[in-house]
Amino acid sequence: MEEDEVTIWEQNFHSQVRECIICFLMFAILYIMSFFIITRYKRKADEQEDEDATVNRISLFLSTFTLAVSAGAVLLLPFSIISNEILLSFPKSYYIQWLNGSLIHGLWNLVSLFSNLCLFVLMPFAFFFLESEGFAGLKKGIQARILETIVMLILVALLLFGIVWVASALIDNSSASMESLYDLWEFYLPYLYSCISLMGCLLLLLCTPVGLSRMFAVMGQLLVKPTILEDLDEQIYIIHLQEEALQRKLNGGSSAADYNAKKIEYDLLNAKTMKSKLERRKKASSWEKNLVYPAVMIVLLIATSFSVILVSCNILRLLVDETAMPKGSKGTGIGDASLFTFGFAGAALEIILIFYLMVSSVVGFYSLRFFGSLAPRKDDTTMTKIIGNCVSILVLSSALPVMSRTLGITRFDLLGDFGRFNWLGNFYIVVAYNLLFAIVTTLCLVRKFTSAVREELLKAIGLDKLQLSSEATDSSSANGHQKTL
């Protein structure tokens, strides 16, 4: 009997060690990739060998850790979906014994824990540590800056505690609700993270429809459009003349004193950029222009339309079936039953939709005016902006599994703390979220595909000079279709 207990204990121990090693290897890969991404955008001028360089280096490591956690949150739901199908297809395979329900649940709990850690501790510490100088009267140095950062974190924690206390009192003024706030780990932090998750889902509700319509313009800039009734040689010749004229003005060949040198350099750079785009369009093969571009646009349209159809079906399911609620559902364990009619094909389609929504939300986030200035630039992004971008990506990625389950994009149940958010059990919030997503996405698509018609109508009635719509101008300037001299 004792030998059996020892054997079970050894098996559990080896299983936990194996899961820890797998989690560490996965996170190490994500961390290395995140480090290369951040160093690609980090401003090189910040690299000095002094106290500020040490502070920047620490903030860089913390930001890299946060970005790696964000990548893990994005990959969490797709990895769980594909793992469920693999376990169903190969239940007794020796090579996938490491893939089990315990590992999946552990990954969900770790992502939830690290998301809280990054959002409430690491990123505020990195920001205040970067901006700190030390208290007056103390010796300057790293220790003084750490002391100031810790004091600022304590003050911010007290402020957040007061805000959550007031919010809880306004929502539920019962004595049990107020006493539960004293339980810091079991109630306070999950309640605060639930509020931030709701804010992240609302941010996704704002960014994703904008990004879905913006994806067509982004792919139009990356791909080569078909050449229809256009003379590229003539456009290249006009841009070449414009470039020569600006170069003569910059060199002082013709009344250079009358022109602003910076404005001329800016116009010259735009002319060179437009010329390179036209030359790329000219050198592109016919299949790339006439086949790839239309195919990609059709795929984007199908994916967006399919997402809206899934959300519409989920609204009907919510109205007639209570088990469709994201919080009230009690799904099967990992590897017990398939969630898709077509097996791996259905799982692959669902994963593609999830990644498509995440990319669209990021594109839409940086397309908004309020967050447009936060967009990173290669080799010219300060550490403060990097911290802001990491926090934004973390909020979006942490809310992605919740949004995907709330909209009915996936039927995979939320595991760990992701499924314990209070607002997920509110029928009116979930239905309103689905309705707003479907309506806003449809309006964005209609506005996108009717922009050309609206431009022509405005020109016909003489209102084009009022600049009521600027999409045609943006698209023409982005793809090098303007003929200016």
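These values consider heavy atoms only, across backbone and side chains, with no hydrogens, waters or symmetry-generated copies. These numbers come from a predicted model, not from an experiment.
- Contact detail for G200 and A399: the closest heavy-atom pair is C-CB, 3.6 Å.
- Residues L400 and M403 meet the side-chain proximity criterion, which asks for heavy atoms closer than 4.5 Å.
- Residue S397 comes nearest to A73 through the heavy atom pair O-CB, 3.7 Å, listed as atom of the first residue, atom of the second, then distance.
- Side chains of F128 and V156 form a contact here, defined as non-hydrogen atoms less than 4.5 Å apart.
- Distance check, rounded to the nearest 0.5 Å: CZ of F35 to NZ of K42 gives 9.0 Å.
- Heavy atoms only, all atoms of each residue included: N434 and L407 are closest at OD1-CA, 3.3 Å.
- Distance check: F370 CZ to L206 CG gives 11.5 Å after rounding to the nearest 0.5 Å.
- At least one donor-acceptor pair closer than 3.5 Å links the side chain of N109 to the backbone N or O of H105.
- Exactly one residue among L60, V55, T54 makes a side-chain contact (heavy atoms from CB on, under 4.5 Å) with I58. That residue is T54.
- Of the possible donor and acceptor atoms, none in the side chain of R214 sits under 3.5 Å from a partner among the backbone N and O of G364.
- Considering all non-hydrogen atoms of both residues, P401 and L77 come closest at CA-CD2, 4.1 Å.
- Remark: of the listed residues V69, L394, L122, V69 is the sole one forming a side-chain contact (heavy atoms from CB on, under 4.5 Å) with F114.
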- Message: Go through it in stages, so that I can follow the logic: the residues are L203 and F371, the test is side-chain contact (heavy atoms from CB on, under 4.5 Å), and I'd like the CA-CA distance, side-chain angles, deciding distance and then a yes or no.
- Response: CA-CA 11 Å; L203 185 60; F371 302 107; 4.1 Å; yes

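- A distance of 11.0 Å separates CG of L301 from CG of L212, quoted to the nearest 0.5 Å.
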- Go through the steps for Y31 and F24 under the test ring-ring contact (aromatic ring centres under 6.0 Å, His included), then give the verdict. CA-CA 10 Å; Y31 188 90; F24 176 78; over 10 Å; no

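- From M383, atom CE reaches atom CZ of F127 across 11.5 Å, with rounding to the nearest 0.5 Å.
- Using a 4.5 Å heavy-atom cutoff, the side chains of L110 and F27 are not in contact.
- A distance-only check finds a donor-acceptor pair linking the side chain of S213 to the backbone of V210 [under 3.5 Å].
- Between the side chain of S361 and the main chain of M358, a donor-acceptor pair closer than 3.5 Å is present.
- Under a cut-off of 6.0 angstrom, the local environment of CZ in F355 is crowded, with over 12 non-hydrogen atoms contributed by other residues, nucleotides or ligands.
- Contact annotation: the side chain of W108 approaches that of S80 to within less than 4.5 Å [non-hydrogen atoms, C-beta and beyond].
- Of all the heavy atoms in C23 and L107, the pair that sits closest is SG-CD2, 3.5 Å.
- For the pair S307/V311, no side-chain contact is recorded, criterion being any heavy-atom separation below 4.5 Å from C-beta on.
- Looking only at side-chain heavy atoms (C-beta outward), T208 and T441 stay at 4.5 Å or farther from each other.
- Annotation: the span from F216 atom CZ to T304 atom OG1 amounts to 4.5 Å, rounded to 0.5 Å.
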Show me the side-chain donor-acceptor pairs of residues 384-393 shorter than 3.5 Å, one per line, residues at least two apart or across chains.
unit_1: T384; atom_1: OG1; unit_2: E131; atom_2: OE2; d: 3.3
unit_1: K385; atom_1: NZ; unit_2: S373; atom_2: O; d: 2.9
unit_1: N389; atom_1: OD1; unit_2: Y366; atom_2: OH; d: 2.4
unit_1: N389; atom_1: ND2; unit_2: L374; atom_2: O; d: 2.8
unit_1: N389; atom_1: ND2; unit_2: K385; atom_2: O; d: 2.6
unit_1: S392; atom_1: OG; unit_2: G388; atom_2: O; d: 2.8

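- A pairwise comparison of heavy atoms in R40 and K378 identifies O-CG, 3.6 Å as the closest pair.
- We find the CG-CG distance between L25 and L30 to be 11.0 Å, quoted to the nearest 0.5 Å.
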- Message: Using side-chain contact (heavy atoms from CB on, under 4.5 Å), reason through L205 and V440 one step at a time and then give a plain yes or no.
- Response: CA-CA 9 Å; L205 180 62; V440 175; 5.7 Å; no

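- Annotation: side chain of S70 is not in contact with side chain of L396 (no heavy-atom distance under 4.5 Å).
- A side-chain donor-acceptor contact under 3.5 Å links T381 to the backbone of Y41.
- Using a 4.5 Å heavy-atom cutoff, the side chains of L204 and Y433 are in contact.
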